[in-house]
Amino acid sequence: MRARTRLESIFTAVVHRNPGEGEFHQAVREVLDSVAPALDKHPEYADAKIIERICEPERQIIFRVPWEDDSGEVHINRGFRVEFNSALGPYKGGLRFHPSVYLGIVKFLGFEQVFKNALTGMPIGGGKGGSDFDPKGRSDREVMRFCQSFMTELYRHLGEHTDVPAGDIGVGAREIGYLFGQYKRITNRYESGVLTGKGLGYGGAQVRREATGYGAVFFAEEMLRAVGDSFDGKRVVVSGSGNVAIYAIEKVHQLGGVVVACSDSSGYVLDDKGIDLDLLKDLKEVRRARIASYVATRPHATFVPGRSVWEVPCEVAVPSATQNEISAADADALIQGGCKIVVEGANMPTSPAAIRAFEQAGVRFAPGKAANAGGVAASALEMQQNASRDSWTFEYSEQRLHAIMRDIHDRCHATAEEYGVPGNYVAGANIDGFRRVAEAMLAHGLI
């Protein structure tokens, strides 16, 4: 009881100190709701004010990003890098280029990243960054000029032993290439380990592109295995149709499940024969078309505009689009449709009300900080290869990723049982990640 009272006081202070940052408040609330048992068991965490220190970023960087478009017009965007916690290693986390980016989004993502990275067992801290720049509709040269301007400020805060960004929404291989080129130009160093998600020709790693989607499905496979089940014949729905969704679909099909629906911001496609992955990759990775175009090639499929993909009955749901995409109403629809497992492929895609609904209905739920840790795990593996000037095969890299995801699942599962909430992956993930960071912070003293 004393720990819960203390945590309520801490949360009130976080909201007061960070006004208007709803996503950050939500991320903090979700963790604080789980870790009271750990504080009761380890009073030294409270004495050292570990929670208060974890909720305050070590460093927040905000900067101006001027750039020129192809017509000669100058634009001004805002850049961010929140270096949240380095207790376990250099800051590690992606860069997001999207109009919705503001400090609260970056802080929520960075806070989540601290625990996600801790769960991998790899020596990496947590951070996140990005800009309100929108690369959609921009030419390659415009994107290059923006990335060069962005890195001209950010480079001074980076380093393979300091802060190692990767990609996120709006930041793919093209953007990483431009960012790395500018970093190399300014520093006069070929420091491969300063960015991950690089192209295979200049220090990138096999399976990095597939890792988040594959990892989420590997986690779901372990959840099924824990209750004596498998993906064989399972009906699955995956939201989104970007990188995470595409490779989640690919791995589900490889494991014997059938993904019957996926989506984009315009609506969703229902294909009861199973999503045609080659067609989806062509639409999204080559033609960059809307999901509605899917039915032109697969006329038996149905495109449903402006509706939620969660109305499609399924046994396993993998939300892989964006934050808070599953509302309480969506959760009810999934429960009514027979869903038994929800595994977050995106960052915090499930609203708190939806999580409560799943818990009350007995739906097993895996939070993103555990289930989508495959991306950052593969980034850490890329860092290992860069440090040793090595390059691994696809098969070996996938084996390493699979082993990491199995270990994350097993520790979340075991921690939930240890603290008296068996099957509660949210509590298991939060407590295990928190303990790892807390122990390192205690060891380092008051920093």
Side-chain angles (χ1 to χ4, degrees), residues 2-15 17-18 21 24-25 27-61 81-93 106-129 157-165 367-370 373 376-377 379-380 383 407-408 411-412 414-415 418-419 426-447:
R2 182 180 302 172
R4 294 194 181 279
T5 301
R6 183 187 184 94
L7 290 170
E8 282 300 324
S9 175
I10 293 171
F11 180 70
T12 299
V14 167
V15 173
R17 287 169 64 85
N18 303 274
E21 298 175 358
F24 178 52
H25 302 162
V28 172
R29 172 90 274 175
E30 194 241 27
V31 171
L32 297 192
D33 281 347
S34 301
V35 299
L39 289 184
D40 287 332
K41 189 172 183 178
H42 298 278
E44 65 272 21
Y45 296 166
D47 293 342
K49 295 199 172 179
I50 295 294
I51 291 281
E52 292 91 334
R53 288 156 60 189
I54 284 179
C55 291
E56 185 67 25
E58 293 176 9
R59 189 174 295 109
Q60 301 180 63
I61 303 152
R81 188 67 178 173
V82 174
E83 297 175 333
F84 225 106
N85 191 289
S86 60
L88 293 174
Y91 308 106
K92 186 81 190 78
V106 178
K107 284 167 70 175
F108 127 62
L109 292 168
F111 184 77
E112 287 277 295
Q113 200 77 43
V114 172
F115 303 99
K116 180 187 301 185
N117 293 1
L119 285 168
T120 69
M122 312 290 274
I124 45 178
K128 206 75 176 185
H157 305 288
L158 304 183
E160 60 184 349
H161 302 298
T162 305
D163 187 348
V164 182
K369 63 172 60 69
V376 75
S379 285
M383 293 167 67
D407 182 61
I408 294 172
R411 284 189 285 102
C412 291
T415 301
E418 177 187 346
Y419 282 85
V426 173
N430 287 336
I431 292 173
D432 189 66
F434 169 69
R435 286 189 308 190
R436 287 170 176 264
V437 178
E439 290 296 328
M441 292 177 72
L442 283 176
H444 296 164
L446 191 59
I447 59 170

Q: Could you please spell out the steps behind the side chain to side chain contact (heavy atoms under 4.5 Å, CB included) verdict for Tyr419 and Lys41?
A: CA-CA 10 Å; Tyr419 282 85; Lys41 189 172 183 178; 3.4 Å; yes
Determine whether a donor-acceptor pair (N or O, by modelled atom type, separation under 3.5 Å) exists between the side chain of [X] and the backbone of [Y].
| X | Y | value |
| --- | --- | --- |
| Asp163 | Gly159 | no |
| Arg435 | Ala38 | no |
| Asn117 | Val376 | no |
| Thr415 | Arg411 | yes |
| Asn18 | Val14 | yes |
| Arg53 | Ala48 | yes |

Less than 4.5 Å apart, side chain to side chain, heavy atoms only: is that true for [X] and [Y]?
| X | Y | answer |
| --- | --- | --- |
| Phe434 | Ile50 | yes |
| Thr162 | Pro90 | no |
| Asn85 | Ile54 | yes |
| Val164 | Leu158 | no |

Atom [atom1] of [X] and atom [atom2] of [Y]: how far apart are they, to the nearest 0.5 Å?
| X | Y | atom1 | atom2 | value |
| --- | --- | --- | --- | --- |
| Leu88 | His444 | CG | NE2 | 7.5 Å |
| Ile124 | Ser86 | CD1 | OG | 13.0 Å |
| Arg29 | Asp33 | CZ | CG | 4.5 Å |
| Arg4 | Leu32 | CZ | CG | 11.0 Å |
| Asn430 | Cys412 | CG | SG | 8.5 Å |
| Leu109 | Lys128 | CG | NZ | 5.0 Å |

Minimum heavy-atom separation for [X] to [Y], with atom names?
| X | Y | value |
| --- | --- | --- |
| Ala87 | Met441 | CB-CG, 3.6 Å |
| Phe108 | Ala27 | CD1-CB, 4.0 Å |
| Leu119 | Ala429 | CD2-O, 3.7 Å |
| Cys55 | Phe24 | O-CZ, 3.5 Å |
| Val426 | Ser34 | CG1-OG, 3.9 Å |
| Ala373 | Lys116 | CB-CG, 3.6 Å |

Q) Judged by modelled atom types alone, do Glu58 and Tyr91 share a side-chain donor-acceptor pair under 3.5 Å? A)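 A donor-acceptor contact under 3.5 Å links the two side chains.
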Less than 4.0 angstrom from a charged side-chain N to a carboxylate O is my criterion; do [X] and [Y] meet it?
| X | Y | answer |
| --- | --- | --- |
| Lys92 | Glu83 | no |
| Glu30 | Lys369 | yes |
| Lys107 | Glu56 | no |
| Arg17 | Glu52 | no |

Q: Determine, step by step, whether Phe11 and Leu7 satisfy the side chain to side chain contact (heavy atoms under 4.5 Å, CB included) criterion, reporting the C-alpha distance in whole Å, the side-chain angles of both residues, the deciding distance to 0.1 Å, and the verdict.
A: CA-CA 6 Å; Phe11 180 70; Leu7 290 170; over 6 Å; no
Q. Can you list the steps and then say if Val114 with Val437 is a side chain to side chain contact (heavy atoms under 4.5 Å, CB included)?
A. CA-CA 8 Å; Val114 172; Val437 178; 3.9 Å; yes
Q. Taking the six-membered ring where the residue is Trp, are the ring centres of Phe84 and Phe111 under 6.0 Å apart?
A. yes
